[in-house]
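Computed from a predicted model, the values in this text were never measured in an experiment. Residues: numbered from 1 along the sequence shown.
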Amino acid sequence: MANNFASTEVTLTNNASETDIVAATSNNQIIIGLNACNTSTTASITLDVTMRDGSNDFKLAKAVSIPPSSKIEILRGKYVLATGYSLKAQSSSSSGLCDIVVGLLVDVS
């Protein structure tokens, strides 16, 4: 099976619940980068990123502060999302105000 590079882009729209970013539904995926951008020009936000293995949650980032109009790298290194795993994010802003881009290596066998 071939390995392919892909990216997933998500705009967080509210802070009521976690937003799905990536779900490994059929094959393992490797996260090779995760960047978040605060789209507000006036207010800082905080961001939580959670990896879920199907029944357990693991925080990859907790209350990471992102200044207005700024981008930060949330993850360094590589993280394997095995089949059934998912990645979720939640912003402190009631409007979300955060764009997330994840670089992936997909169809990993």
Side-chain angles (χ1 to χ4, degrees):
M1 185 175 293
N3 295 326
N4 299 300
F5 290 97
S7 67
T8 297
E9 301 82 20
V10 175
T11 298
L12 303 183
T13 57
N14 66 58
N15 69 346
S17 62
E18 293 177 313
T19 300
D20 290 326
I21 303 172
V22 177
T25 55
S26 60
N27 293 309
N28 295 336
Q29 299 180 19
I30 298 174
I31 300 170
I32 55 177
L34 191 154
N35 292 295
C37 179
N38 180 351
T39 58
S40 170
T41 58
T42 59
S44 291
I45 62 169
T46 60
L47 183 70
D48 292 350
V49 179
T50 305
M51 182 169 50
R52 183 165 294 143
D53 71 1
S55 57
N56 300 297
D57 289 345
F58 303 94
K59 290 290 184 194
L60 299 178
K62 177 73 175 160
V64 174
S65 181
I66 308 174
S69 301
S70 297
K71 184 240 6 153
I72 64 168
E73 183 178 23
I74 299 290
L75 297 178
R76 284 199 174 164
K78 295 164 183 64
Y79 291 81
V80 175
L81 286 179
T83 301
Y85 278 50
S86 62
L87 196 64
K88 300 179 178 288
Q90 186 171 9
S91 166
S92 63
S93 170
S94 61
S95 300
L97 299 177
C98 187
D99 288 342
I100 296 176
V101 178
V102 181
L104 298 164
L105 184 60
V106 297
D107 299 326
V108 178
S109 53

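Under the side chain to side chain donor-acceptor pair (under 3.5 Å) criterion, Thr39 pairs with no residue at all, not counting sequence neighbours. By the side chain to side chain donor-acceptor pair (under 3.5 Å) test, Ser7 is found to be paired with Glu9, residues two or more places apart in sequence or in another chain being considered. Partners of Ile32 under the side-chain contact (heavy atoms from CB on, under 4.5 Å) rule, at least two apart in sequence or in another chain, are Phe5, Ile30, Lys78. In this view, Asp53 and Ser55, Asn56, Phe58, Tyr85 satisfy the side-chain contact (heavy atoms from CB on, under 4.5 Å) rule, not counting sequence neighbours. Every residue two or more places apart in sequence or in another chain that forms a side-chain contact (heavy atoms from CB on, under 4.5 Å) with Ala6 is listed here: Val106. Evaluation of the side-chain contact (heavy atoms from CB on, under 4.5 Å) rule for Ser95 yields Ser93, Leu97 as partners, not counting sequence neighbours.
Note that the CG atom of Leu12 and the CD atom of Glu18 stand 10.5 Å from one another [nearest 0.5 Å]. One distance of note links OG of Ser86 with CD of Gln29; it measures 11.0 Å at 0.5 Å rounding. For the atom pair Ile45 CD1 and Gln90 CD, the distance stands at 11.5 Å (nearest 0.5 Å). Here Thr25 contributes atom OG1 and Leu81 contributes atom CG; the two are 11.0 Å apart, rounded to the nearest 0.5 Å. Taken from CD1 in Ile31 to CG in Leu87, the straight-line distance is 4.5 Å, to the nearest 0.5 Å.
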Side-chain atoms of residues 59-68: list all donor-acceptor pairs with protein atoms under 3.5 Å, sequence neighbours left out, distances to 0.1 Å.
{"from": "Lys59", "atom 1": "NZ", "to": "Thr50", "atom 2": "OG1", "distance (Å)": "2.9"}
{"from": "Lys62", "atom 1": "NZ", "to": "Asp48", "atom 2": "OD2", "distance (Å)": "3.4"}

side-chain contact (heavy atoms from CB on, under 4.5 Å) between Leu105 and Asn4, intermediate numbers included
CA-CA 6 Å; Leu105 184 60; Asn4 299 300; 6.0 Å; no

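Considering all non-hydrogen atoms of both residues, Leu47 and Ala36 come closest at CD2-CB, 3.6 Å. Closest heavy-atom contact between Asn28 and Thr83: OD1-N, 3.1 Å.
Side-chain contact between Ile74 and Ile100 is absent, with no heavy atoms from C-beta onward closer than 4.5 Å. Looking only at side-chain heavy atoms (C-beta outward), Val108 and Val80 stay at 4.5 Å or farther from each other.
A distance-only check finds no donor-acceptor pair linking the side chain of Asn14 to the backbone of Gly96 [under 3.5 Å]. Of the possible polar contacts, none joining the Asp107 side chain to the Asn27 backbone as a donor-acceptor pair under 3.5 Å is found.
Following chains of ILVMFWY side-chain contacts shorter than 4.5 Å, one cannot reach Leu34 starting from Val101, and the two form parts of different hydrophobic clusters.
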